[in-house]
Every structure is written in structure tokens, then in C-alpha cells.
Chemist: 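This structure is in C-alpha cells; I'll ask about it shortly.
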Amino acid sequence: MVDLRTGDDVHEVHPLPRGDGWIVDGIEVTPLADGRWQVRQGEAVSLAYGTRIGDVVWMHINGRVHRIEVIEAGAGAAQEEGSFSAPMPGGVLDVLVATGDEVTAGQALLVLEAMKMEHRITAPYHGRVVAVHVTQGDRVQQGELLLEVEASEA
Amino acid sequence: MVDLRTGDDVHEVHPLPRGDGWIVDGIEVTPLADGRWQVRQGEAVSLAYGTRIGDVVWMHINGRVHRIEVIEAGAGAAQEEGSFSAPMPGGVLDVLVATGDEVTAGQALLVLEAMKMEHRITAPYHGRVVAVHVTQGDRVQQGELLLEVEASEA
Amino acid sequence: MRSVLVANRGEIACRVLRACKEAGLRAVSVHAEDEVGAMHTEMSDLSLSLEGSGAPAYLNGDAIIAAALANDVDGIHPGFGFLSERAGFAQAVLDAGLIWIGPSPSAIERMGDKMTARITMREAGVPVIPGEEIEIEPSGDEKADLEATLVAVRSASERVGFPLLLKASAGGGGKGMRAVESADGLDEAVRGARREAIAAFGDGRVYLERLLRGARHVEVQVLADAHGRTVHLGERECSVQRRHQKVFEEAPCAVVSEDQRQRMGEAAIAAAEAVDYVGAGTVEFLMEDDGTFHFLEMNTRIQVEHPITELVTGVDLVREQLRIAAGEPMSVPELAMRGHAIEVRIYAEDAANGFLPSIGPLAVFRPPTGPGLRLDTGVREGDDVSPSYDPMLAKLIVHAPSRDEALQRMRRALDEFVILGTTTNVAFLRDLCDLDAVVSATTSTTTLDDAYPNGWEVQPASEAVMALAAVLASSRGITRGDNDGPSGPASPFLSLNRRYP
Amino acid sequence: MRSVLVANRGEIACRVLRACKEAGLRAVSVHAEDEVGAMHTEMSDLSLSLEGSGAPAYLNGDAIIAAALANDVDGIHPGFGFLSERAGFAQAVLDAGLIWIGPSPSAIERMGDKMTARITMREAGVPVIPGEEIEIEPSGDEKADLEATLVAVRSASERVGFPLLLKASAGGGGKGMRAVESADGLDEAVRGARREAIAAFGDGRVYLERLLRGARHVEVQVLADAHGRTVHLGERECSVQRRHQKVFEEAPCAVVSEDQRQRMGEAAIAAAEAVDYVGAGTVEFLMEDDGTFHFLEMNTRIQVEHPITELVTGVDLVREQLRIAAGEPMSVPELAMRGHAIEVRIYAEDAANGFLPSIGPLAVFRPPTGPGLRLDTGVREGDDVSPSYDPMLAKLIVHAPSRDEALQRMRRALDEFVILGTTTNVAFLRDLCDLDAVVSATTSTTTLDDAYPNGWEVQPASEAVMALAAVLASSRGITRGDNDGPSGPASPFLSLNRRYP
């Protein structure tokens with residue numbers, strides 16, 4: 001059994017070994033050479049590239065890339081809603097809010113600099129800043145917690 | 001210590017670990033990412049692709065592919081001179097000589113069929129056929145011994 | 001000229017180094033300490049190490065000139081970005097007795113400063129966008145300069161009117177540029193644009209232009225040699241932009257008539273001749289629905305999207321740059337455009353998340369092949385995408401007899417392009433090919449904002465995707481960095497070959 | 001026409017399937033049992049399994065037609081080789097109510113039988129090579145037919161004179177062809193040619209032609225639609241051949257003048273019109289030093305080297321084939337050739353050992369990229385080269401403004417092409433680019449024999465090569481077939497990632 005995350009949803013899927021490959025919910029998945037796969041759903045056969053890197057599976061199928069998170073049993077809880085972490089390594093150019101501030105959806109909270117560009121972290125909803133973990137000039141790693149915003153009642 | 005064969009010569013080479021890579025006869029060999037290598041000989045630096053597959057090392061360096069055989073310590077003796085083995089899988093179309101025949105350099109000994117083409121095995125020198133291991137119609141695998149020719153004194 | 005150093009990295013360095021090799025020139029590359037073995041170093045006969053990592057290494061003009069002098073280099077090609085439009089660097093190259101593969105420092109200076117360029121063009125009779133230059137002499141005190149600029153911009157904005165574009169005079173590539181809808185956002189825009197421009201170019205001066213909504217970005221390629229010949233090579237349309245950066249470019253522009261091409265070409269030649277231009281350059285225009293066109297800026301270097309012009313004209317622009325720099329006459333026949341070419345820029349970025357740059361290993365990188373395709377790439381499978389550099393990885397370019405066929409070919413090519421391990425904009429680019437405005441050739445610089453007011457979204461995962469994902473997830477997978485060797489990303493297929501528990 | 005089945009494999013299947021997709025047609029492929037997941041199946045919307053392995057699977061016309069009928073296919077494209085020049089198959093396709101994407105069965109028959117073609121051309125006023133047809137009606141008894149043929153050939157050879165070329169009437173691609181220097185070798189040549197021709201085509205009839213040493217192989221591309229329009233698209237020179245198979249092709253031919261092109265083009269159109277030709281075809285000529293040209297044969301299908309014509313003319317030949325088959329007029333403008341194109345064929349073969357086909361894993365397969373390059377490939381990294389199929393893996397094609405620049409580009413591209421795990425002819429092709437005859441454009445069909453009388457030799461390994469070899473040899477390496485998974489070749493990098501003992 002494997003748990004997979006797409007967007008906000010978590011899917012539980014059960015691959016069963018069958019012949020040279022697996023069956024998942026009636027879909028046959030068969031390995032070919034060198035990272036390629038055949039996926040058969042009824043009459044429709046697709047050829048795909050696929051690989052797993054860390055906690056993410058990557059695949060290219062029917063002309064599209066998909067990137068899906070794997071949730072390992074026993075792994076820590078997923079990131080809390082309202083926590084903002086650095087989407088990539090970079091420098092903190094500006095912190096635009098302080099703990100306790102009320103913020104509105106779309107309001108800029110923080111400016112990061114990475115790859116020679118400025119990136120603005122904005123609030124996705126109305127709320128209140130409950131913690132700020134960085135200050136101007138800090139270097140941050142990808143995934144590092146920047147600040148936390150608590151949603152206000154709608 | 002490694003023995004390498006190029007053409008008819010066997011070279012003994014001694015790679016020594018040094019830093020991130022190796023030194024071989026004063027030439028520095030450093031691994032880069034994903035099967036790529038840096039080779040430095042004095043001021044000249046080359047970037048290469050290289051891999052080993054079975055008993056052959058393959059590399060692409062300075063615009064050329066090289067394919068060099070590795071002779072493992074304890075491996076069986078190299079193929080005897082005068083033994084002709086199938087260069088590729090195929091069918092024996094015709095055997096043109098019999099044991100005891102005298103042959104001259106360039107004389108056709110055997111016709112193989114592979115990849116829809118005929119391939120002629122010819123004698124590289126004057127000599128006498130001492131053994132024939134296949135007959136017309138046989139399927140042969142790559143490397144399978146076909147026949148043996150003893151060189152006559154020049 | 002026998003030996004050329006390419007003072008750049010990534011795909012444009014590869015492009016230029018290959019041209020040098022083809023021309024029989026010794027091709028010399030440079031690399032920062034974090035780019036040993038990068039693709040562009042592989043394209044060169046000799047690669048020289050620069051001190052430091054990231055962009056600063058490639059911006060150290062003195063070190064690059066010293067390296068050139070120490071290694072029998074005759075000429076320096078700057079590519080685009082980095083030092084390509086720094087007149088001071090061009091002058092230093094010339095002062096060192098080397099050949100500068102580009103226009104004169106004075107041409108770079110007069111065109112590089114967008115305010116000066118506006119004024120020069122206005123005086124040469126080339127129409128410019130209604131707007132106003134903000135002439136504040138830098139005092140060295142950023143706080144004072146910012147204040148003075150704010151005051152002047154507020155006043156000028158009343159004459160120019162909203163919406164307007166605030167642009168850094170030293171800017172380019174979307175850096176230091178802000179669209180301002182109303183007086184409310186003006187101050188913050190000035191602060192951001194200045195900060196970005198000072199960081200990127202060391203020069204925070206700005207000017208205002210009326211924001212021409214719904215206009216097309218149409219640019220004309222020019223080539224001029226030292227023998228007095230200046231030609232234009234037709235136009236490119238590059239209206240489709242995200243964050244003021246081009247992502248989808250085509251040649252010719254579907255709505256430019258032969259007559260219009262002639263007039264824009266003449267304006268472009270006039271622009272080049274106004275600054276005694278020698279080399280390859282691009283004169284950018286904004287074109288309104290009625291065909292009126294306004295000078296936007298001139299880029300005094302080879303441009304990212306130069307391949308589409310090469311495909312429709314049959315001219316090798318970089319090879320011509322080398323000829324021109326060597327003092328030879330250019331070998332360009334009379335303009336005859338054939339077919340239609342489209343370029344898309346492959347970025348390591350998350351199109352579904354505000355086009356935020358992404359990083360990671362290029363665990364699988366399998367470009368499409370076949371007829372009518374060109375790939376200019378600076379990376380290959382196994383490389384790492386680092387946050388230290390621009391996120392543009394490669395350019396995919398198609399050529400076909402007609403615009404419809406070029407679009408069909410681009411769709412096919414993007415469907416085939418496999419990149420795993422790093423998020424890229426390939427799926428976004430594929431969707432662009434089906435966008436109404438793109439299909440009907442009615443693109444403008446606001447096409448993307450209009451098409452995706454709430455941002456672009458990834459297609460949801462199908463049942464087949466989830467099934468394959470489940471199988472892949474069950475494999476052991478790779479944890480990056482757990483190899484005992486010094487090499488980069490592990491083979492993506494490691495896990496597959498060991499798939500059975 | 002909405003759905004096309006491509007009755008082929010390898011690079012030409014990929015080429016045609018891509019054209020179908022670009023044209024908005026449902027692209028259907030077929031695959032033998034040993035080619036599940038082969039590259040061409042990946043290019044298609046649907047891949048149908050054929051019984052059996054190897055070439056016989058792709059030669060089973062009845063099975064292919066049945067599969068087409070069962071899967072809503074409207075048209076069949078045969079590619080080249082396999083069933084492409086079998087009039088009986090074309091007729092069966094038409095009889096099944098399907099569209100045959102090629103010329104009429106009668107045109108195939110009249111041109112496919114080389115003897116009939118010679119006679120037809122002679123009657124249409126197209127000059128043919130001095131020679132003689134050997135008209136022995138097959139009796140069904142091979143021994144008797146062989147004897148009768150031997151007698152007739154011996155007699156005809158006295159009139160034609162030595163050296164001569166013995167050719168299978170049903171032959172093609174060098175199969176069933178023998179150059180005969182003197183009467184001594186005649187009988188063995190007849191036996192070999194008949195055997196090969198019977199095996200490959202089921203028809204052992206042969207004819208004789210004077211061997212024109214030092215002549216160029218120059219061929220003209222024609223296109224004809226069902227609306228009565230027949231055009232030629234200029235010539236290709238394909239003189240550089242090994243074992244009677246082309247390896248290096250270019251367009252245009254460097255010594256063909258505009259006037260000569262006109263005359264050969266008209267002869268080619270006359271040839272096509274003599275058999276009421278509809279579709280894409282090639283009329284091959286031998287051209288002597290003084291410009292005299294003789295009809296060699298007409299290939300009634302798309303040809304391996306069609307890309308070089310596409311690049312210099314801007315016409316998409318396969319797309320035109322689809323248009324013509326659908327009954328539309330072709331969309332080909334007046335002939336205007338631009339620049340110079342060269343194609344080399346990448347074979348899995350050992351050029352240093354009599355061009356013997358080789359097999360193995362494509363452990364590393366990294367084609368060059370950049371401007372002016374086109375790769376038509378039927379394989380990708382990780383595939384296995386099997387002995388069951390033709391050893392041509394891919395075609396590398398360059399386009400540049402001039403012949404010199406095209407050669408420079410080809411050298412650069414071949415230098416960059418990395419294929420490890422299977423011996424290929426890439427280094428041989430690279431050497432060809434430096435051959436005097438190639439550089440000076442004085443190639444003929446005997447160029448390779450003249451250049452390499454004792455065969456081509458691999459460059460010796462340098463000290464740097466031996467050093468790297470030693471390090472690679474110390475790594476654990478991969479023993480093929482020792483994976484526990486069902487997948488093909490192991491990643492070449494497995495050994496590298498585990499390099500440290």
C-alpha cells in the first residue's frame with residue numbers, strides 16, 4: 001500500500017504483482033527497458049518514462065510530466081497549513097510583516113531573492129501572522145520555514 | 001593492476017587513487033557526474049564519457065569512441081590464433097572448405113547470413129584447415145567457434 | 001582571428017563555441033568553480049577556470065581578460081546577459097588588444113542606456129513610445145536618489161498617464177521593470193525596480209512609458225559589417241511573455257505585410273546607423289493593431305531568440321558575427337524568408353506556482369528528435385539545475401513550411417520532450433500551443449495575463465498516472481546524496497534495476 | 001483520411017508517425033513481438049502487435065491489412081524497405097478498401113522490376129546505362145533457372161564487357177548486386193546475387209550493366225499529385241557508398257549546374273509520367289564527368305536520404321505524401337534551393353572489420369544538438385541493437401548556408417555524438433568528412449574503395465585513452481543479463497556509482 005499526494009488530496013493505492021509487472025485498480029503496469037514503462041488500461045496502451053527520486057515519483061506519460069509526492073508510512077506529518085517555507089534556496093530581501101499583523105489575501109509577506117530574481121511570498125487568505133522565523137539578509141535553504149499565518153474565520 | 005588489449009597488444013596499467021580520482025602514468029582521471037570524466041595530461045584537459053560493460057570498456061574522448069578489452073586476471077586464455085569464431089549471431093549459409101584443405105590468404109572459408117546480409121569469412125594467411133565445427137544451415141551464436149586454420153610456414 | 005574565448009555559460013556559450021569550432025577557430029570557454037564539466041566546457045577546446053561560483057564569476061571582466069591574454073586568445077564573444085552589454089568591458093577588451101565580437105563600446109553605451117536610446121532614436125526620426133525620461137544624476141546616496149526619483153516619477157506619471165510601464169534605464173530581460181496600474185502602486189514599483197536594477201546592473205535610473213495594452217512585441221534583426229553594409233533580416237514576434245520575459249517567439253510575424261516589413265526594416269537600419277553599429281543587433285518595436293510601430297529598445301548583442309531568424313532566412317547569425325569581427329564582409333544574400341519558425345524557452349520553473357524557478361537533478365532529459373527541430377541546450381541528462389544561475393535550460397525551435405505546420409510540429413515536439421527530476425515549463429508551453437490567441441495569431445504582450453488571470457494550472461493526474469505512480473513509489477527510489485562517489489545525481493534507473501524487493 | 005497505419009519500424013516509422021501526428025491524423029504503428037516498447041511504438045497513438053519476431057513479422061502483409069481493418073485505419077504508409085515496393089501488397093491494401101500511401105501498384109511493378117524499368121525508360125527517351133537484360137522466365141526449379149541464367153549471363157557479359165555490374169531485377173539497397181571484374185568471378189557472383197535476391201525478394205532474375213567507374217550517383221526527387229501536377233525537387237548526390245550502400249549523401253550536388261538540374265529534372269519528370277506516377281519517388285542516375293547521365297532506377301517510395309532535399313527545398317516530403325494520398329493537391333511552391341545539406345547514416349557496424357554489422361546495448365546514446373542539425377533516429381539510450389533487423393540506427397543531417405559550412409557542421413556534430421556499448425560507424429563517418437574527394441566534391445561511387453584499399457582503420461588509442469580505460473576497467477562493470485528485473489540493458493552508470501571497492 002502506498003499513499004500518494006496530488007494537490008491537496010491523498011490517494012491510497014495498492015499495486016499487486018502480476019506476471020512481469022503489476023496491476024493497480026485494473027490497470028496493468030509493465031516495466032520495459034531503461035526506465036520506460038507500459039501502462040495498459042483496457043484497450044488504451046501508453047508508454048511512459050518514470051523514476052522515483054527521494055519522496056517524489058516523476059513520470060512522463062501521454063505527453064505530460066507528472067510529479068507526485070509519496071507519503072511514506074511513519075514519515076512526519078505533512079507541513080502544517082499556514083506555514084510558509086522557502087520554495088528554493090535564496091536570500092531574504094525584505095520581511096514585510098511582523099508577528100501579530102493582520103494580513104489580507106494576496107498581501108505580500110516577504111521578498112526572497114533567488115536566481116537573480118525577486119520572488120514575493122503572498123498570503124493566500126486573510127489571517128494573522130503568528131510567527132516570523134527569518135529576518136532581512138538571511139540565507140535560507142529550500143523548505144526552510146519562513147513564517148506562519150493563521151487564517152481568520154471567514 | 002589492469003591488463004588492456006588494443007589490437008594485438010596487451011598493456012599493463014596501474015591506476016593509483018589520488019584525491020577525488022586516479023593517477024595513471026602521470027595522467028589525472030577524475031569522475032564528474034553521470035558517467036562523465038575529466039582526463040588531464042599536463043595542460044591538456046579532456047572531458048569524456050566512459051563506462052564498462054562486461055569485459056569491455058567504452059569511452060568517448062576528444063570526439064572519438066574507443067572500445068578496449070579488459071583482460072581479467074584468471075580469465076581463460078585469449079582466443080587462439082587461427083581460430084575463427086562467429087562475429088555475430090546468424091546462420092551458416094555455406095561452408096566452402098573441409099578439414100585438411102590448403103587455403104590461401106583471402107580465400108573464402110565460410111558464408112554467414114546475418115541482418116539480411118551475407119558475410120564472408122576469409123583466410124588471413126596461407127595455411128591448412130585443421131577443424132571445421134559447423135555445417136551448412138547451423139545457427140551460431142556470437143563468439144561460437146566456426147573453424148580453425150593452421151598457418152603454413154611462410 | 002584564430003582563437004575565441006566565450007565569456008558566458010549555458011546554452012548560448014554552447015551555441016557560440018560550436019560556431020567557433022565550425023569556423024575552424026580555437027574555442028575557449030570559461031567556467032565558474034561550480035561548473036567544472038558543465039556542458040559548455042565540453043564544447044570547447046580549452047576551458048579556463050574562473051574564481052568563485054555563480055554569476056559573479058562570469059561577471060568578473062578583469063579576470064576574463066587576463067585569462068584570455070594568458071592563453072593566446074584573439075577575440076572575446078560575450079554571448080547575451082552577463083558582460084554582453086557592458087560598454088566598459090567592451091572597451092577593456094579593446095584596450096587589452098583583443099577583438100571584441102560585438103558593436104563598439106559607444107554603440108553599446110548609447111543603446112544600453114534606454115533613456116539615451118530613446119532620445120537618439122527620436123532624433124533619428126524613429127517613432128518612440130509616448131513617455132518621459134526621469135533625469136536624476138546619481139549622487140551616490142541611494143536614499144536621496146530614491147527620494148528624488150519618487151518625486152520626479154510622481155510628477156511625470158501625471159503627464160504619461162496610467163497604466164504605465166516603469167523601466168530601468170539600464171534594464172533588460174524584464175529586470176527592473178514594473179507595470180503600474182494607478183498612482184497607488186507607483187512608489188512601491190519605483191522602489192522594487194530600482195532595487196532590482198541596482199542589484200543586477202549597478203544603476204537604478206528609471207523612465208516611464210505609456211503601457212500599450214494589446215500591442216505586439218515585434219523586433220527586427222539587423223547585421224552590419226565594417227565595410228559599410230547594414231541589412232535587416234526580417235522580424236520576429238515575441239509578444240507572449242510571462243513576468244516581462246519572452247517564452248514563445250516566432251518568425252515571421254503573422255500580421256506583418258511585405259510593405260510593413262520593409263518599413264520596419266528601414267527603421268531598424270536607421271536605428272543601427274544612428275549609432276554606427278557594427279555586428280548583430282536587434283531593434284525592438286511595439287506594434288499596435290493598426291500597424292503603427294514604436295521603438296522600444298535596441299539590444300546590442302546576439303539575442304536568445306536568434307535561431308528563428310536563422311531558420312527562416314538561412315543565415316547563421318553567430319557565424320556572421322565571427323566574420324564581421326574578423327573584419328570580413330558578411331556573407332548574407334538578399335533577404336528571402338522561407339516557412340515559419342517558432343521558439344519556446346525551456347525554463348526550470350513552476351508555471352503553476354507563479355513561474356517560480358525550480359532546481360533539482362535532470363535525472364531524465366530526453367529531447368525530441370526528427371524533422372524540423374532544433375534544440376539549443378546548455379544542459380544534458382545527469383546535470384544539476386542550480387539556483388545560482390538563470391533558470392533557462394534550453395530552447396526548442398521548430399521550422400515548417402507554414403505557421404500551422406510549425407505549431408503542429410511544436411506540439412508534437414513538446415509532447416515528446418521528457419524531463420524528470422526538475423520541474424520545467426514544458427507542459428505550460430504545450431498548452432500555449434493550443435491557446436486561441438496563439439492559434440489565431442492574435443497574440444499581444446497581455447495574452448498570458450488574459451488567458452490565465454488566476455495562473456496556469458497543471459492537468460489533473462489520470463487513473464493511469466496514479467497506477468504508474470503507485471508502482472514507482474513502491475520501488476526503493478533514490479535518495480539524493482547517498483552515493484559514496486563524488487559524482488552528481490545517481491542514475492534514475494538505479495531504482496528500476498533493483499525494483500524487486 | 002483520419003487514421004494511418006505505418007507498416008514499418010525504426011527511424012522511418014518514427015519519421016512517418018510524427019508526420020501523421022503533426023497532420024492531425026491518428027498514428028497507428030505495428031510491432032513484432034521482439035519490439036514491444038520500441039521507439040516507433042512510442043511515437044504512435046496505438047501500436048498493434050504482429051505475430052513473430054524480426055523482419056518476417058513486418059513482411060506479413062495480410063496480417064497488417066487485417067490489423068488495419070480491425071482498428072479503424074483508413075490508410076497505410078509503408079515507409080521504405082519491407083513491403084514498400086511490393087505491388088501485390090499495394091494492390092491488397094487497395095482491395096481491402098484502404099488508402100495506399102504510395103504510387104499505384106502498376107507504377108511500383110513497372111519500376112520495381114529493374115529490367116522492365118530499363119525498358120520503359122529507354123522507350124520514354126530517358127538515357128539508360130549500356131547493358132543487357134537476362135530474360136529467363138522462372139520455372140520454379142531453382143537449379144534449372146540458375147543454370148539457364150549462368151549460360152545467358154556468360155554470353156551477355158561478352159557484349160557488355162568487364163568490369164560489369166550484375167544486378168537483381170528485384171533488388172535494391174545493394175542486395176543482390178555484385179561488381180564483376182572479369183569472367184573468372186562471374187559464376188560465383190551470379191550464384192551469390194541470386195541467392196541473396198531470392199532470400200530478400202523471392203525473385204532471382206538478374207541483368208547486367210556496364211560498370212561506370214568514377215561516375216557519380218545523382219538522383220532527383222519527384223512528387224506527383226492526383227491533380228496532374230508532377231514536380232522535381234532538385235537532386236541529391238549519393239556517390240559515397242560502401243558495399244553498394246549509401247552512407248554519405250548531400251544536396252545539391254556540387255557539380256550540377258542550374259542548366260543540368262533542369263535537364264535531369266525534366267528526365268525525372270518524364271520517367272514518373274511514363275508510369276502515371278502519383279506520390280513521392282526518386283529517379284536515380286549515374287552521372288559521368290562530362291555531365292552525361294544515365295537512368296539507373298526509380299525508387300517508388302520515400303527514400304532514406306529524403307531529409308536533405310527537405311532541408312534545401314523547405315518541403316516536408318512525408319507531409320506531402322499524406323496530402324497526395326488524401327487526394328489533395330500538393331502544397332509545394334516553385335523550386336528554390338537554399339544552402340547545402342548533408343546526411344550520414346549511423347550504422348551499427350564495424351567499419352574497421354569489413355563493415356560487419358554489430359550488436360549490443362546502446363548503453364550511452366547522446367546525439368549532438370545545436371543549430372543546423374537534424375536527427376532521425378529509431379533508437380534511444382537503453383535500447384538493444386538486435387541482429388534481427390537492418391543495422392541502420394539513425395540518420396544525422398546538417399544544413400548550412402554553404403557546402404563548406406555544412407561539412408564543418410557535420411564534423412562538429414559527429415565529434416559530439418556519443419554512442420557507447422555498440423560499435424557504430426561514427427568515427428568512420430567523421431573521417432569521411434576529411435577525405436580529399438569529399439572536401440573537394442569529387443566523389444564517385446568508387447571513392448571509398450580508392451580511399452581505403454585495405455579497409456578503414458581505427459585511430460590508435462592515446463595515452464589519455466589508456467589512462468581512462470584503466471580507471472574504467474577497475475570499476476566493477478556490468479555483466480549483461482545479470483539483473484533480476486525483466487528490463488533491458490542495465491544503466492551504464494551503475495558501475496560508476498558503485499565505483500569504490
Side-chain angles (χ1 to χ4, degrees), chain A residues 1-4 6-7 11 13-15 17 21-29 31 34-35 37 39-41 44 46 48-68 70 72 87-90 93-94 108 111 113-120 122 142, chain C residues 55 174-175 192 195-196 199-200 243 350 353-354 356-361 363-364 366 387-391 411 414-421 423-424 426-427 430 458-480 489-490 492-493 495-496 499:
Chain A
M1 198 211 76
V2 186
D3 283 340
L4 302 172
T6 59
H11 303 259
V13 279
H14 304 261
W22 290 263
I23 293 257
V24 191
D25 298 336
I27 298 168
E28 293 170 52
V29 178
D34 200 31
W37 300 80
V39 182
R40 179 188 295 271
Q41 185 172 24
S46 303
Y49 276 85
T51 190
R52 176 175 175 176
I53 304 176
D55 282 341
V56 175
V57 292
W58 295 80
M59 73 205 83
H60 182 269
I61 182 167
N62 297 329
R64 292 274 163 171
V65 165
H66 296 269
R67 182 189 180 284
I68 292 175
V70 182
E72 295 282 358
M88 55 187 324
L93 271 187
D94 212 351
V111 185
E113 188 272 338
M115 289 193 174
K116 308 276 122 198
M117 299 279 287
E118 293 191 6
H119 307 288
R120 197 167 292 273
T122 55
Q142 187 170 14
Chain C
K175 284 166 193 160
R195 191 166 52 208
E196 218 169 80
R243 293 165 66 125
D350 189 351
N353 188 12
L356 208 61
S358 54
I359 59 169
V364 178
R366 303 283 166 100
S388 308
Y389 298 102
D390 187 272
R411 289 188 194 104
L414 288 168
D415 281 345
E416 284 183 32
F417 210 140
V418 183
I419 305 177
L420 305 185
T423 301
T424 73
V426 167
R430 176 64 186 79
V458 180
Q459 272 187 4
S462 65
E463 286 181 356
V465 167
M466 295 309 287
L468 177 55
V471 171
L472 293 169
S474 310
S475 71
R476 207 172 79 178
I478 301 165
T479 307
R480 297 202 63 220
F493 306 126
S495 60
L496 305 182
R499 185 164 5 82

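These numbers were taken from a predicted model, which means no experiment stands behind them. Reminder, nothing fancy here: chain letters follow the sequence lines and each chain counts from 1.
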Chemist: Between P460(C), A469(C), G421(C), who has the most heavy-atom pairs with chain A when the cutoff is under 4.5 Å?
Modeler: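 Result: the option with the highest number of such pairs is G421(C).
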
Chemist: Under 3.5 Å, side chain of S358(C) to main-chain N/O of T423(C), donor-acceptor pair present?
Modeler: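 Checking the backbone N and O of T423(C) against the side chain of S358(C), a donor-acceptor pair under 3.5 Å is found.
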
Chemist: Could you tell me whether the side chains of N62(A) and S46(A) share a donor-acceptor contact shorter than 3.5 Å?
Modeler: yes

Chemist: Among V465(C), D350(C), I419(C), which residue forms the greatest number of heavy-atom pairs with chain A at distances under 4.5 Å?
Modeler: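 Looking at each of V465(C), D350(C), I419(C) in turn, V465(C) comes out on top.
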
Chemist: Less than 4.5 Å to any heavy atom of chain A: does that hold for the side chain of V418(C), its backbone, both, or neither?
Modeler: both

Chemist: Please determine, among H66(A), R40(A), H11(A), the option with the most heavy-atom pairs under 4.5 Å with chain C.
Modeler: H66(A)

Chemist: What part of V57(A) gets closer than 4.5 Å to chain C, counting heavy atoms only: side chain, backbone, both or neither?
Modeler: side chain

Chemist: Check for a donor-acceptor pair, side chain of R243(C) on one end and backbone N or O of G354(C) on the other, with a separation under 3.5 Å.
Modeler: yes

Chemist: Please verify the inter-ring angle class for H60(A) with Y49(A); under 30° counts as parallel, over 60° as perpendicular, anything in between as tilted.
Modeler: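 Ring orientation, 0 to 90° scale: perpendicular.
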
Chemist: With distance as the sole test, does R52(A) use its side chain to make a donor-acceptor pair with the main-chain N or O of A473(C) at under 3.5 Å?
Modeler: yes

Chemist: Identify which part of T424(C) has an atom lying under 4.5 Å from any heavy atom of chain A, answering side chain, backbone, both or neither.
Modeler: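 Neither the backbone nor the side chain of T424(C) comes within 4.5 Å of chain A.
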
